[in-house]
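Here is the structure we will look at, set down as structure tokens.
Whatever order the structure lists them in is the order used to number ligands and atoms, beginning at 1.
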Amino acid sequence: MQQQWSAVDKYMISSLIPGDEVLTRVLENNLRAGLPQHDVAANQGQLLALFVRMTQAKRILEIGTLGAYSSIWMARALPPDGKLITLEADPTHAQVARLNIGLAGLDDRIELREGPALRSLEDFGDIPPFDLIFIDADKPNNPGYLEWALHYSRPGTLIIGDNVVRDGEVINGQSDDARVQGVRRFIEMTGDNPRLTATALQTVGVKGWDGFTLAIVNG
Ligand SMILES: C[S@@+](CC[C@H](N)C(=O)[O-])C[C@H]1O[C@@H](n2cnc3c(N)ncnc32)[C@H](O)[C@@H]1O
């Protein structure tokens with residue numbers, strides 16, 4: 001199946017998404033620096049960019065930068081006075097991400113904060129709420145990220161949680177994988193919170209079988 005999922009993704013990407021020299025170079029830089037290939041796929045990057053436009057977001061929070069591939073997709077969809085703050089714990093990833101952000105000419109729109117995300121989130125202090133929050137870092141900490149996401153939200157904020165299906169393992173309540181348990185707790189907290197209206201979708205494609213949650217903060 002994987003071969004077919006990838007072929008369909010490639011067809012959709014080549015039919016719908018214009019080739020982009022900067023994004024190609026970003027992925028090459030990530031590969032050359034030995035970063036794991038955990039960036040979103042191009043059609044998922046475009047989906048994130050569409051979410052930014054659909055919500056008319058001006059302030060975005062991303063938890064989990066890697067080489068800033070998804071950051072660049074989202075930041076490009078912001079208006080000129082928009083801002084994206086992205087959080088990354090790994091110094092090598094952060095270094096490559098800074099290089100890529102510069103390459104994309106987005107130094108003024110993307111702010112990378114290096115360090116464990118939970119600490120960065122605690123340190124934000126009194127800042128305006130975010131319009132869109134993309135949670136894509138270490139899954140065991142997803143419950144904590146959701147709490148902070150709610151803290152820095154306003155009615156209408158869109159919260160996206162990536163990689164919540166994990167080859168279907170999400171339904172295994174007995175899993176001893178802390179990532180699966182983190183995702184399960186995150187989903188339960190999302191479903192139980194009356195402030196949120198949420199759904200989740202499974203995806204297949206070049207990145208295998210996975211999926212994401214979408215939640216909006218109620219008014
Ligand atoms: C799935 S990758 C992010 C992919 C990126 N959003 C993209 O699509 O291009 C997850 C990233 O989260 C980072 N990470 C893991 N644990 C973290 C933590 N506690 N705080 C901040 N970043 C963390 C990893 O180093 C990795 O770069």
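Using a cut-off of 4.0 Å between Lys/Arg side-chain N and Asp/Glu carboxylate O, Glu114 and Arg98 are scored as salt-bridged. Classification of Arg154 and Asp131 as a salt-bridged pair holds, one side-chain N sitting under 4.0 Å from a carboxylate O.
Clustering ILVMFWY residues whenever any of their side-chain heavy atoms sit less than 4.5 angstrom apart, transitively, puts Ile133 in a cluster other than the one holding Leu84.
Using modelled atom types, one finds no donor on one side chain facing an acceptor on the other under 3.5 Å when comparing Asp177 with Asn172.
Between Asn142 and Gly182, the closest heavy-atom pair is CB-O, 3.9 Å.
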N/O contact list for ligand 1, threshold under 3.5 Å:
unit_1: ligand 1; atom_1: 6 (N); unit_2: Gly64; atom_2: O; d: 2.9
unit_1: ligand 1; atom_1: 6 (N); unit_2: Ser70; atom_2: OG; d: 2.8
unit_1: ligand 1; atom_1: 6 (N); unit_2: Asp136; atom_2: OD2; d: 2.8
unit_1: ligand 1; atom_1: 8 (O); unit_2: Val40; atom_2: N; d: 2.9
unit_1: ligand 1; atom_1: 8 (O); unit_2: Ser70; atom_2: OG; d: 3.1
unit_1: ligand 1; atom_1: 9 (O); unit_2: Ser70; atom_2: N; d: 3.2
unit_1: ligand 1; atom_1: 9 (O); unit_2: Ser70; atom_2: OG; d: 3.4
unit_1: ligand 1; atom_1: 16 (N); unit_2: Asp138; atom_2: OD1; d: 3.3
unit_1: ligand 1; atom_1: 19 (N); unit_2: Asp138; atom_2: OD1; d: 3.4
unit_1: ligand 1; atom_1: 19 (N); unit_2: Asp138; atom_2: OD2; d: 3.3
unit_1: ligand 1; atom_1: 19 (N); unit_2: Tyr145; atom_2: OH; d: 3.4
unit_1: ligand 1; atom_1: 20 (N); unit_2: Ala117; atom_2: N; d: 2.8
unit_1: ligand 1; atom_1: 22 (N); unit_2: Ala89; atom_2: N; d: 3.1
unit_1: ligand 1; atom_1: 25 (O); unit_2: Glu88; atom_2: OE2; d: 2.6
unit_1: ligand 1; atom_1: 25 (O); unit_2: His93; atom_2: ND1; d: 3.1
unit_1: ligand 1; atom_1: 27 (O); unit_2: Leu66; atom_2: N; d: 3.3
unit_1: ligand 1; atom_1: 27 (O); unit_2: Glu88; atom_2: OE1; d: 2.7
unit_1: ligand 1; atom_1: 27 (O); unit_2: Glu88; atom_2: OE2; d: 3.3
unit_1: ligand 1; atom_1: 27 (O); unit_2: His93; atom_2: ND1; d: 2.8

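Checked against side chain to side chain donor-acceptor pair (under 3.5 Å), Asn163 has the following partners two or more places apart in sequence or in another chain: Lys139, Asp210.
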